[in-house]
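In what follows, a structure is listed as structure tokens, so that the remarks can point back to it.
Since we're looking at a predicted model, the values are computed, not measured. Any value given below was found using the heavy atoms of this structure, including those in side chains, with hydrogens, waters and symmetry copies removed.
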Amino acid sequence: MRIRDQVRGPAPRRPSHPGARLRVLVVAESFLPQVNGVTNSVRRVLDHLAAKGHEAVLMAPTGPAKYAGFHVHVVRGARLPFYRDFRIGLETRRRLRGIMREFQPDVVHIASPATLGYQAARVAAELDVPTVAIYQTDLVGFAERYDLPAGVRAMAALTRRIHLQVDRTLAPSTASLRQLELMGIPGLSRWPRGVDLQQFDPARRSEALRARLAPHGELLVGYIGRLAPEKELELLAHLRTVGGIRLVIVGGGPEEKRLRKLLPDAAFLGVLHGDELAAAYASLDVFVHTGRHETYCQAAQEALASGVPVVAPASGGPIDVVTPGTGFLYPPGDADAMVNLVRRLVSDPALRAKTADAAHRSVQDRSWDAVNNLLIRHYRDVIAERRSDGRLTKEAS
């Protein structure tokens with residue numbers, strides 16, 4: 001895979017040595033108060049940049065005035081008519097250009113690019129600023145699930161337009177890399193997601209919570225994440241055939257009302273954070289995921305860290321996240337296979353304990369610090385490559 005060559009304008013300043021402090025402009029399609037995988041990853045990146053002494057600015061459609069000590073530019077946005085809880089960025093290139101010129105970034109980090117990311121990539125190219133795009137949302141799968149008219153072709157075209165403009169695209173899983181390769185996108189590398197090994201740990205298991213949710217000693221089988229159509233959560237209704245369990249749902253989203261009717265016996269805990277979220281994970285006996293369009297599936301990784309076996313589709317990110325012995329993968333959309341795997345874990349305490357132990361051990365090398373140190377190396381690589389490209393251009397002329 002190679003970085004696409006382009007004719008570029010005057011270059012901004014570049015760090016002069018490998019340990020130099022970086023100026024990073026982070027552009028995110030989603031941020032606080034929205035709680036989702038994109039927001040969480042962006043927060044971890046900003047926290048890491050602050051801890052390592054780098055400078056950063058964030059642009060997003062929502063957010064506080066500052067985060068981790070960094071200024072947040074809240075740009076124009078609009079709500080999706082079919083998903084009112086989510087805003088997309090619709091800022092003009094003129095304002096984006098002004099922000100970039102004022103901040104003078106060494107690199108632009110574009111998180112899960114869509115409309116705002118597309119404009120930011122174009123402006124960065126105009127200003128000769130190196131770019132790293134994080135592929136985190138499967139826009140094509142999103143369009144498929146929401147049954148948008150001509151949406152699949154449009155999202156595939158948008159994905160290509162965005163990622164053909166950037167210097168490097170970082171995808172979280174081998175499945176995502178294959179998907180992007182088939183689109184003809186160059187400059188690909190794998191960058192996984194980290195997990196907070198202090199927050200998500202078997203020690204967070206709460207017997208009080210378990211007693212409240214399962215007063216008759218039922219095992220807890222749960223899902224934690226957004227309640228949205230692309231998650232295919234209707235499959236969970238088939239778990240009613242598994243005896244001796246209580247279904248637990250943690251999260252919020254546009255599907256909540258429908259799911260409460262579909263799953264009347266389930267415990268809906270809403271959106272949880274911090275210690276409450278950690279306790280919810282660790283108190284489960286089995287974690288179940290149903291969506292086939294996960295580029296990584298951070299929720300499954302957090303369940304593993306919490307010592308909880310995972311049952312997830314053999315599609316997208318879970319193929320890398322759920323390694324042999326830590327859980328089971330089933331054909332996407334196959335409710336019978338999912339139910340049988342859950343029943344197998346529920347009915348065999350020794351297997352469940354063995355799988356839980358393997359799940360916890362499997363993620364011990366996936367700390368956010370290690371993952372974000374790798375991200376910084378990607379930043380420095382694209383900066384160095386741009387400098388090299390500039391030298392070659394001058395020599396050729």
Side-chain angles (χ1 to χ4, degrees), residues 141 145 173-175 195 200 202 205 210 213-214 217-251 255 259 262-263 265-269 280-363:
R145 189 61 185 168
S173 64
T174 54
V195 62
F200 301 105
R205 186 179 178 92
R210 289 179 59 81
L213 296 176
E218 303 94 331
L219 294 181
L220 299 181
V221 176
Y223 165 85
I224 299 175
R226 280 191 304 125
L227 309 184
E230 70 271 15
K231 304 299 183 180
E232 303 179 65
L233 293 168
E234 60 274 5
L235 290 174
L236 296 176
H238 295 271
L239 292 174
R240 65 169 62 97
T241 64
V242 181
I245 71 169
R246 179 82 190 279
L247 185 61
V248 179
I249 308 292
V250 177
E255 287 284 271
L259 289 170
L262 185 64
L263 307 168
D265 297 324
F268 284 80
L269 305 186
Y281 268 114
S283 299
L284 297 177
D285 295 292
V286 179
F287 178 87
V288 179
H289 206 283
T290 49
R292 73 187 72 190
H293 296 299
E294 298 296 309
T295 56
Y296 190 71
C297 201
Q298 179 70 354
Q301 179 162 258
E302 291 169 350
L304 295 173
S306 303
V308 180
V310 172
V311 174
S315 174
I319 294 174
D320 296 319
V321 173
V322 185
T323 54
T326 66
F328 298 101
L329 300 176
Y330 61 91
D334 190 333
D336 290 339
M338 178 197 71
V339 168
N340 288 337
L341 292 172
V342 171
R343 185 178 287 116
R344 180 179 173 187
L345 284 165
V346 166
S347 63
D348 190 337
L351 174 64
R352 197 168 62 250
K354 179 182 178 181
T355 307
D357 181 63
H360 177 62
R361 287 187 285 105
S362 72
V363 299

Val311, Val322, Leu341, Val321 screened by side-chain contact (heavy atoms from CB on, under 4.5 Å) with Leu329, the one that passes: Val322

Atom pair CG/CG of Asp336 and Leu235 - distance to nearest 0.5 Å: 10.0 Å

Can you tell me how far apart OG1 (Thr323) and CG (Leu304) are? Round to the nearest 0.5 Å. 7.0 Å

Please assess Val286 against Leu219 for the test side-chain contact (heavy atoms from CB on, under 4.5 Å), listing each intermediate value before the final yes or no. CA-CA 8 Å; Val286 179; Leu219 294 181; over 6 Å; no

Look only at the side chain of Ser347 and the backbone of Arg344, and say whether a donor-acceptor pair between them is shorter than 3.5 Å. yes

Do Leu239 and Met338 have side chains that approach each other closer than 4.5 Å (heavy atoms only, starting at C-beta)? yes

Is the backbone of Thr241 close enough, under 3.5 Å, to the side chain of Arg343 for a donor and an acceptor to pair up by distance? yes

Among His293, Glu255, Glu294, the one residue meeting side chain to side chain donor-acceptor pair (under 3.5 Å) with Lys231: Glu294

Might you point out which heavy atoms bring Val250 and Ala280 nearest each other, and give the distance in Å? CG2-CB, 4.2 Å

Closest non-hydrogen atom pair between Arg205 and Ala282, with its separation: N-CB, 3.3 Å

Contact summary for Gly251 and Leu227, nearest pair of heavy atoms: O-CD1, 3.5 Å

Taking all atoms of both residues into account, what is the closest heavy-atom pair of Ala175 and Gly316, and its distance? CB-CA, 3.6 Å

Pairs of donor and acceptor atoms involving the side chains of residues 351-358, under 3.5 Å and at least two apart or interchain, shall be tabulated with distances.
residue	atom	partner	partner atom	Å
Arg352	NH1	Leu345	O	2.9
Arg352	NH1	Val346	O	3.1
Thr355	OG1	Leu351	O	2.7
Asp357	OD2	Arg361	NE	2.9
Asp357	OD2	Arg361	NH2	3.2

Pairwise distance NE2(His238) to CZ(Arg240) - rounded to 0.5 angstrom: 8.0 Å

Expected output: side-chain Glu232 to main-chain Gly333 donor-acceptor under 3.5 Å: no

To the nearest 0.5 Å, what is the distance between CG (Leu269) and OG (Ser283)? 10.0 Å

Taking C-beta and beyond as the side chain, do Leu236 and Ile249 meet within less than 4.5 Å on heavy atoms? yes

Just so I know, are the side chains of Phe200 and Val363 near enough to count as touching, which here means a heavy-atom distance under 4.5 Å? no

Arg246 side chain to Glu218 backbone, donor-acceptor under 3.5 Å: no

Working to the nearest 0.5 angstrom, can you tell me the gap between Glu230 CD and Arg292 CZ? 12.5 Å

With the side chain counted from C-beta on, respond yes when His289 and Cys297 share a heavy-atom pair under 4.5 Å apart, and no when they do not. yes

Return the minimal non-hydrogen interatomic distance between Pro318 and Pro313, and the atom names on each side. CB-O, 3.5 Å

Heavy-atom donor-acceptor pair, Ser173 side chain to Thr295 backbone, under 3.5 Å: yes

For Tyr223 and Phe287, take the angle between the two ring planes, folded into 0 to 90°, and tell me which bin it lands in: parallel under 30, tilted 30 to 60, perpendicular over 60. parallel

Here's a test for you: under side-chain contact (heavy atoms from CB on, under 4.5 Å), which of Val310, Leu213, Leu220 qualifies with Leu284? Leu220

Just do the side-chain contact (heavy atoms from CB on, under 4.5 Å) check on Leu247 and Asp265 with the steps written out, would you? CA-CA 7 Å; Leu247 185 61; Asp265 297 324; over 6 Å; no

